[in-house]
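Every chain is numbered from 1, with letters handed out A, B, ... down the list of sequences.
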Amino acid sequence: MIADTADTAELHDSIISWFDANSRDLPWRRNASPWAVMVSEFMLQQTPVSRVLPVYEAWIERWPTPADLSKASTGEAVRAWGRLGYPRRALRLHAAATAIVEQHGGEVPKSHEALLALPGIGEYTAAAVASFAYGQRHVVLDTNVRRVFARIAAGQQFPATSLTSAERELATSLMPEHNAHRWAAATMELGALICTARAPICSECPVADLCSCRWRKEGYPAYDGPPRSGQAWAGTDRQCRGRLMAVLRDSPVPVPKTQLDLVWTDELQRERALDGLVADGLVEPLEDDLYRLPE
DNA sequence: TATGCGTGGAA
DNA sequence: TTTCCAAGCAT
């Protein structure tokens, strides 16, 4: 089936053809610079496209090169990050820009190894930048691709909790010799638009015509793996950190601690969260119990 | 390997 | 309303 060479070639053709006709016109796909691709990948980590778009556009206009961002303060980067979430990503992007200037002559490195060594870049992002910015051939396994392959090849509704070696081997065996970067983009787009987590649109899936989606062929067996535990939110340190960061982001001047005290009642947890933010480099404590984003 | 880390839209 | 989920990384 999928392992068969001829069927695999047909799978490539149908999914890439579907991609050519149905892919979204996203700014980081419009002849964007490697830096712009890298910025988009940082922002898209765990964050929907629709929320990334406006922040990405403003960011690229303000800091069109790694050198431009490296000259800004980390606090400016965190403020420009806005409400994208996970603001440590802004710090890591800033640190990556600085490393690119200092170690790579201001150019986003091309090798997967060099990309992986940059702050905030892991296995997925290194492969994505190498593929989408430089057209290289790498296995690109994000949540979309993992779900698509789990369904097509493993007959499972959802992939394992964490990335397994079996998934890497499967993805490697499915990757075409040529146009691997387009295959990567196409399978990601298929997962994002058609083979979605909640309600896949199999009637519009290019794979459905081939009868080669194992999950579909076996009657959509329900997920039977370990419980996919959702992230706790209410009452967590993360929620508290978010409240504190919102106050500091929205204030043009240093904020007195008494103002931060207003957004979270549990004093012990509030202190712990604030200390954590300072330790992470997201908040800078000043004299007289004043706090601000770092400069 | 399991956990912590933001935010907000959609079902 | 609550729950789920969105192009992961670092530890």
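C/dA6 atom C1' lies 12 Å from atom CG of A/L84, rounded to whole Å. Taking atom CD of residue A/E189 and atom C1' of nucleotide C/dA7, one finds them 10 Å apart after rounding to whole Å. Regarding A/R89, its CZ atom lies at a distance of 9 Å from the C1' atom of C/dG8, rounded to whole Å. Distance CG (A/L44) to P (C/dC9): 12 Å, rounded to an integer number of Å. Counting to the nearest Å, the P atom of C/dC5 and the CG atom of A/N144 are 13 Å from each other. Between the P atom of C/dG8 and the CZ atom of A/R146 lies a distance of 10 Å, rounded to the nearest Å. In this structure, the CG atom of A/L115 is 15 Å from the C1' atom of C/dC9, given to the nearest Å.
Running 5' to 3' along DNA chain B, contacts with non-hydrogen atoms of chain A at under 4.0 Å begin and end at B/dG4 to B/dA11.
Projected onto DNA chain B by closest heavy-atom contact, A/R198 and A/R51 fall at different nucleotides, the more 5' of which corresponds to A/R51. If you find the closest nucleotide of DNA chain B to A/W233 and to A/T161, the one lying nearer the 5' end belongs to A/T161.
Taking the P atoms as reference points, C/dT11 lies 14 Å from B/dG6, given to the whole Å. Taking atom C1' on both C/dA10 and B/dT1, the two are 13 Å apart, rounded to the nearest angstrom.
Base engagement by A/R238 is indicated by at least one non-hydrogen atom pair under 4.0 Å involving a base atom. Counting non-hydrogen atoms under 4.0 angstrom, A/S162 reaches nothing in the nucleic acid. The residue A/Q239 sits apart from the nucleic acid: no heavy atom pair falls under 4.0 Å.
Donor-acceptor pairing under 3.5 Å is recorded for the side chains of A/D68 and A/T65.
Residue A/R228 places none of its side-chain N or O atoms closer than 4.0 Å to OP1 or OP2 of C/dT3. Contact annotation: A/Q46 side-chain N/O to C/dG8 OP1/OP2 distance is under 4.0 Å. Distances shown here put every side-chain N or O of A/S50 at or beyond 4.0 Å from the OP1 or OP2 atom of C/dA6.
Contacts between residues 25-42 of chain A and DNA chain C, counted as heavy-atom distances below 4.0 Å, involve A/L26, A/W28, A/R29, A/E41.
For the pairing with A/Y124, the side-chain contact (heavy atoms from CB on, under 4.5 Å) check across A/V129, A/V145, A/V139, A/V140 returns one residue only, A/V140.
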